[in-house]
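Both backbone and side-chain heavy atoms feed into the values below; hydrogens, waters and symmetry mates do not. By convention in this document, chain letters (A, B, ...) are assigned in the order of the sequence lines, proteins followed by strands, and residues within each chain are numbered from 1.
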2 protein chains.
Amino acid sequence: MGPRTANLLRDAGIQPSAQRVAVAAYVLETCDHPTADQVWARVRKSFPMISRATVYNTLNLFVKKGLLRQYTLADGKTVFDANVGRHHHFIDERTGRIYDLPWEALSVAKLDSLDGFEVREYHVVVRGRAKSAARRRA
Amino acid sequence: MGPRTANLLRDAGIQPSAQRVAVAAYVLETCDHPTADQVWARVRKSFPMISRATVYNTLNLFVKKGLLRQYTLADGKTVFDANVGRHHHFIDERTGRIYDLPWEALSVAKLDSLDGFEVREYHVVVRGRAKSAARRRA
DNA sequence: TTCAAGACCTAGACTTAATCTAAACGCAAT
DNA sequence: ATTGCGTTTAGATTAAGTCTAGGTCTTGAA
Ligand SMILES: [Mn+2]
Ligand SMILES: [Mn+2]
Ligand SMILES: [Zn+2]
Ligand SMILES: [Zn+2]
């Protein structure tokens, strides 16, 4: 997470300050879907002086630059997603945990015949329970 | 919207107070997907003394009794939906407005082969622009 | 009819997520 | 050294939502 992360930010047109690298090292690597405050809590362990505003600003900057996506899928919680490609989501109803489903795992038919709507993107939101195999995998 | 609405509430096991009938008359009839504060603003026009807490309590009660569904689809906003059957959603990216798509309008394949996940429900969230025809229809 | 008991409602305090503000900081070019 | 600019900071602010404690309304039994 040293110069590799810094270069990743530079390539996206972002000045790699120490705070931004610390946020990136966590949020761009995890396969969780953390909220902003979860990111703050996590990054503060290794960077105790970082402020809440900086974490929020940094996450929003990463979204604007295409390094992150932002979703609100459940509970009114806004989460961040390092998986910026197309994919679907599975929400475990017991734990609230969000899992990624590969784009090819599902297919949606009849989208073109949606009369009156110009479709730009879509994804499937699935709810249920993740079995232990999936919990381990993620 | 007088005794009809009251009976609807009674049938759901809800005591039809004046406040609850006023909330129901709007939120169970609209095909919008209003937030709690939008419901409050609307109901206050005809019932100026109703409190915020009552609107929130009433909406949550309706959800618990199965008269409403609650979604968080975009912008971290929690919205209420009088359409309690299965259906999909279309979000207009310009206006933020949410439209219902009939269940049969789309079909999702390969859901049963989702290894490691026990599916309880799912729906498709589509984003794009609603053409004027759809805007009129809704 | 009266009048508790319980259900319901209300204003306002509180909590939490998120943004805003204005000052301070850090670093590079002059 | 001085300036300037991008970045960070603490704290104030806004907004969604819940909670509390007391007041009001309904209801049904005496
Ligand atoms: Mn609202
Ligand atoms: Mn909020
Ligand atoms: Zn994801
Ligand atoms: Zn709907």
Side-chain angles (χ1 to χ4, degrees), chain A residues 5-6 9-10 12-27 32-44 46-65 67-81 96 98, chain B residues 3 5-6 9-10 12-27 33-44 46-65 67-81 96 98:
Chain A
T5 305
L9 296 186
R10 251 185 295 265
I14 297 170
Q15 201 69 302
S17 69
Q19 288 89 339
R20 286 166 176 176
V21 169
V23 171
Y26 168 59
V27 81
D32 279 349
H33 292 74
T35 65
D37 277 339
Q38 282 168 349
V39 173
W40 190 37
R42 177 65 177 258
V43 170
R44 263 199 301 180
S46 61
F47 202 135
M49 297 313 300
I50 195 170
S51 83
R52 188 198 255 282
T54 296
V55 171
Y56 274 84
N57 288 340
T58 300
L59 291 170
N60 289 334
L61 179 65
F62 287 0
V63 169
K64 198 175 63 179
K65 295 296 192 175
L67 297 177
L68 275 183
R69 302 213 54 180
Q70 195 170 21
Y71 291 98
T72 62
L73 296 171
D75 298 322
K77 282 192 214 302
T78 296
V79 300
F80 295 88
D81 192 340
I98 298 168
Chain B
T5 305
L9 296 185
R10 251 186 294 267
I14 296 170
Q15 201 70 311
S17 69
Q19 287 88 343
R20 285 166 178 175
V21 169
V23 171
Y26 168 60
V27 81
H33 292 73
T35 66
D37 278 340
Q38 282 167 347
V39 173
W40 188 37
R42 178 64 177 259
V43 171
R44 264 201 298 182
S46 61
F47 202 136
M49 297 312 300
I50 195 169
S51 82
R52 221 161 112 83
T54 295
V55 172
Y56 275 84
N57 289 339
T58 299
L59 291 171
N60 289 334
L61 179 66
F62 288 0
V63 169
K64 199 175 62 178
K65 296 297 192 175
L67 295 178
L68 274 184
R69 300 212 56 180
Q70 194 171 22
Y71 290 98
T72 61
L73 296 170
D75 298 322
K77 281 193 215 300
T78 296
V79 300
F80 294 88
D81 191 340
I98 298 168

Problem set entry | Sub-4.5 Å side-chain heavy-atom contact between B:V27 and B:P34 |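 With C-beta onward as the side chain, the pair touches.
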
Exercise. Would you say the side chain of B:R20 lies within less than 4.5 Å of the side chain of B:I14, judging by non-hydrogen atoms?
Worked result: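 Counting from C-beta outward, B:I14 and B:R20 do come under 4.5 Å.
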
Exercise. Using a cut-off of 4.0 Å on non-hydrogen atoms, how would the nucleic acid contact of B:T78 be classed: base, sugar-phosphate, or nothing?
Worked result: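 B:T78: backbone/sugar contact only, no base atoms under 4.0 Å.
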
Exercise. For A:D75, which contact category applies under a 4.0 Å heavy-atom criterion: base, sugar-phosphate, or nothing?
Worked result: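 The answer is nothing, as A:D75 stays clear of every strand by at least 4.0 Å.
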
For this session: Please lay out, stage by stage, how B:V23 and B:I50 fare under the test side-chain contact (heavy atoms from CB on, under 4.5 Å).
Result: CA-CA 10 Å; B:V23 171; B:I50 195 169; 4.0 Å; yes

Figure out the [atom1]/[atom2] separation between [X] and [N], and round it to whole Å.
| X | N | atom1 | atom2 | answer |
| --- | --- | --- | --- | --- |
| A:L61 | D:dG6 | CG | P | 13 Å |
| A:L9 | D:dT7 | CG | C1' | 14 Å |
| A:K77 | D:dG17 | NZ | P | 12 Å |

For this session: Just do the side-chain contact (heavy atoms from CB on, under 4.5 Å) check on B:Q70 and B:N60 with the steps written out, would you?
Result: CA-CA 9 Å; B:Q70 194 171 22; B:N60 289 334; 4.1 Å; yes

Exercise. Distance-only, no hydrogens or angles: does the B:W40 side chain make a donor-acceptor pair with backbone N or O of B:Y56 under 3.5 Å?
Worked result: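 Not a single qualifying donor-acceptor pair exists.
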
Problem set entry | Under 3.5 Å: donor-acceptor pair, side chain of B:T78, backbone of B:T72 |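 The answer is no, because no donor-acceptor pair under 3.5 Å joins these two groups.
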
For this session: Starting at the 5' end of nucleotides 3-16 of chain C, put B wherever the base has a protein heavy atom under 4.0 Å, S where only the sugar-phosphate does, and a dash everywhere else.
Result: -----SSBB-----

Exercise. If only side-chain N and O atoms of A:N60 are considered, is one of them under 4.0 Å from the OP1 or OP2 phosphate oxygen of C:dA18?
Worked result: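 Result: no.
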
For this session: Check whether any side-chain nitrogen or oxygen of A:Y56 sits under 4.0 Å from OP1 or OP2 of C:dT19, and answer yes or no.
Result: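 No, because none of the side-chain N or O atoms of A:Y56 sits under 4.0 Å from OP1 or OP2 of C:dT19.
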
